[in-house]
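Below: the structure, in structure tokens.
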2 protein chains.
Amino acid sequence: MTESKRRGPRQAEAERNDRALLRAARHVLAADGEHASVAAIAAAAGVGIGSLYRRYRTKEELFQRLAELSLDNWNQAAERGLAEDDPWEGLASFVAACVEFGQGSLAPIAGTIKVTKEMQAKSDRSDELLAALVARAHQARVLRPDVTVVDISLLIEQFGRSPALDQLRKQGREDLVEAAAGAHQRVLTIAVDGLRACHPRPLPGDPPSDRLFTERWAHETGQA
Amino acid sequence: MTESKRRGPRQAEAERNDRALLRAARHVLAADGEHASVAAIAAAAGVGIGSLYRRYRTKEELFQRLAELSLDNWNQAAERGLAEDDPWEGLASFVAACVEFGQGSLAPIAGTIKVTKEMQAKSDRSDELLAALVARAHQARVLRPDVTVVDISLLIEQFGRSPALDQLRKQGREDLVEAAAGAHQRVLTIAVDGLRACHPRPLPGDPPSDRLFTERWAHETGQA
DNA sequence: CTATAACCGGAGTGATTCGCTCCGCAAGTT
DNA sequence: AACTTGCGGAGCGAATCACTCCGGTTATAG
């Protein structure tokens, strides 16, 4: 074999484990918050602690990678949404994709993430993409007129976790996890329908400031 | 004074502290999940650890009291909602009251609560009250026809916590807490509007099973 | 088959945090 | 002043944390 990919006998298993780790980290982070332990993450992924530490030198490094993946997922979902013809469906599918990924699971560790220049660029791009999605929906008059970009972000964060799902998963009730996921989808559908332009009454209070997001992330710019 | 109430020189301070403790416990539980420490709760309430343990013999006893308060609040809110003339306003105000109380903050400790006969009675009553609220809204044709009692419960649980609010509170950014609370209200208004009967399309998936709730609470019946 | 390289799992380690106790002190009452 | 009641937090053993280290296992090469 002259392939440049395979570098070891158990490379395939290693890649599977890596994916399982990142997925498990989201779930455990959602269930346990910022105190989520590496032991719990490794156990949820079905791998040993040693395997986790071979890939990520520290817990922070794993979380950093998770934050990067989350931003990538956000941007990809937004691009797919903009590629759709229907402005409403584009926005709705974007919200659904972010929720399904579990975008809200990293809220508890937001303050511990180092914002590198690379991350900052991705974050800026995510702001632009969401603004474009919202503007397009407003122009098509399918989105409630006083809904802002921040409202959408908060809605995604609010639904980015499911307390019922988290707890059932931790209890090991895998039989109910699917039902809980379906129920979560239902409630999300209800909330998204509340964004439609058919509701005449204005939203209460002032439009929310984006400081509700910017102030929650660390701003020390390390190196990429 | 022949009053039977005052039993000591600092009784008033003690009552204030007790209220502050219960309030702080909800906030810390929301922010830290099931691993919330008594030290964090006492600090958030502005009292010493000793004062906490004089009122509650163990951490579990405090959580137990919190669960009882939560059920009481639920039932009182439901009764107020039924007392309103407008079926829609009655349901909406019930949901808002439960969300504001932070009903969702005890989801992480649901599995650790002992269900006494007293609690079970209150829980049964809460089921009846919510069913009545929902049935009345359905009969008035103001509630989306395929919305069930479980959907409403999940919506309340979903909004019973605000990740942004929790994190800002933990960071001590009291200046932004008010703004975050207002923003949370906005998003809740959006979601509740999604419950209105004006949405013709059916909800996805099967109606959710109430096992999503019953299976998450411990069932060992201790004594009241 | 054997040898070897790559990767695995988890027991062990020092440091930290946990729930909880105990006690000296402050604040009211008489 | 004497006394009662509640206060705060230092300190304790136990539990848990992030992380290291190494003997075992699996897949390929010869």
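Throughout, a chain's letter reflects where its sequence line sits, starting with A, and its residues are numbered from 1.
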Task: Under 4.0 Å protein heavy-atom contact, by nucleotide of nucleotides 8-22 of chain C - B base, S sugar-phosphate only - done: BBB-------SSBB-
TODO: Evaluate the side chain to side chain donor-acceptor pair (under 3.5 Å) criterion for residues E60(A) and T112(A): first the C-alpha distance (whole Å), next the side-chain angles of each, then the deciding distance (0.1 Å), finally the verdict.
DONE: CA-CA 8 Å; E60(A) 275 72 33; T112(A) 74; over 6 Å; no
Atom [atom1] of [X] and atom [atom2] of [N]: how far apart are they, to the nearest Å?
X      : N       : atom1 : atom2 : value
I41(B) : dG8(D)  : CD1   : P     : 15 Å
E34(B) : dT16(D) : CD    : C1'   : 13 Å
Y56(B) : dC7(D)  : OH    : P     : 12 Å
L21(A) : dC7(C)  : CG    : P     : 14 Å

Task: Pairs satisfying salt bridge (charged side-chain N to carboxylate O under 4.0 Å, His left out), at least one member in residues 23-49 of chain B, at least two apart - done: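 For residues 23-49 of chain B, and leaving out neighbouring residues, the salt bridge (charged side-chain N to carboxylate O under 4.0 Å, His left out) pairs sorted by first residue read K170(A)-E34(B), D32(B)-K170(B).
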- [ ] May I ask you to check if R55(B) and Y53(B) form a cation-pi contact, with NZ or CZ under 6.0 angstrom from the six-membered ring centre and within 45° of the axis?
- [x] no
Open item on the list: Ring centroids only, cut at 6.0 angstrom: are F101(B) and W74(B) within range, meaning strictly under it?
Closed with: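 Ring centroids of F101(B) and W74(B) are no less than 6.0 Å from each other.
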TODO: Please work out which of the three classes, parallel, tilted or perpendicular, describes the rings of F159(A) and H184(A), given edges at 30° and 60°.
DONE: tilted
Open item on the list: Parallel, tilted or perpendicular, judged at 30° and 60°: which one describes the rings of H35(A) and H35(B)?
Closed with: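 H35(A) and H35(B): perpendicular rings.
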Task: Q11(B) side chain near dG6(D) phosphate (N/O to OP1/OP2, under 4.0 Å) - done: yes
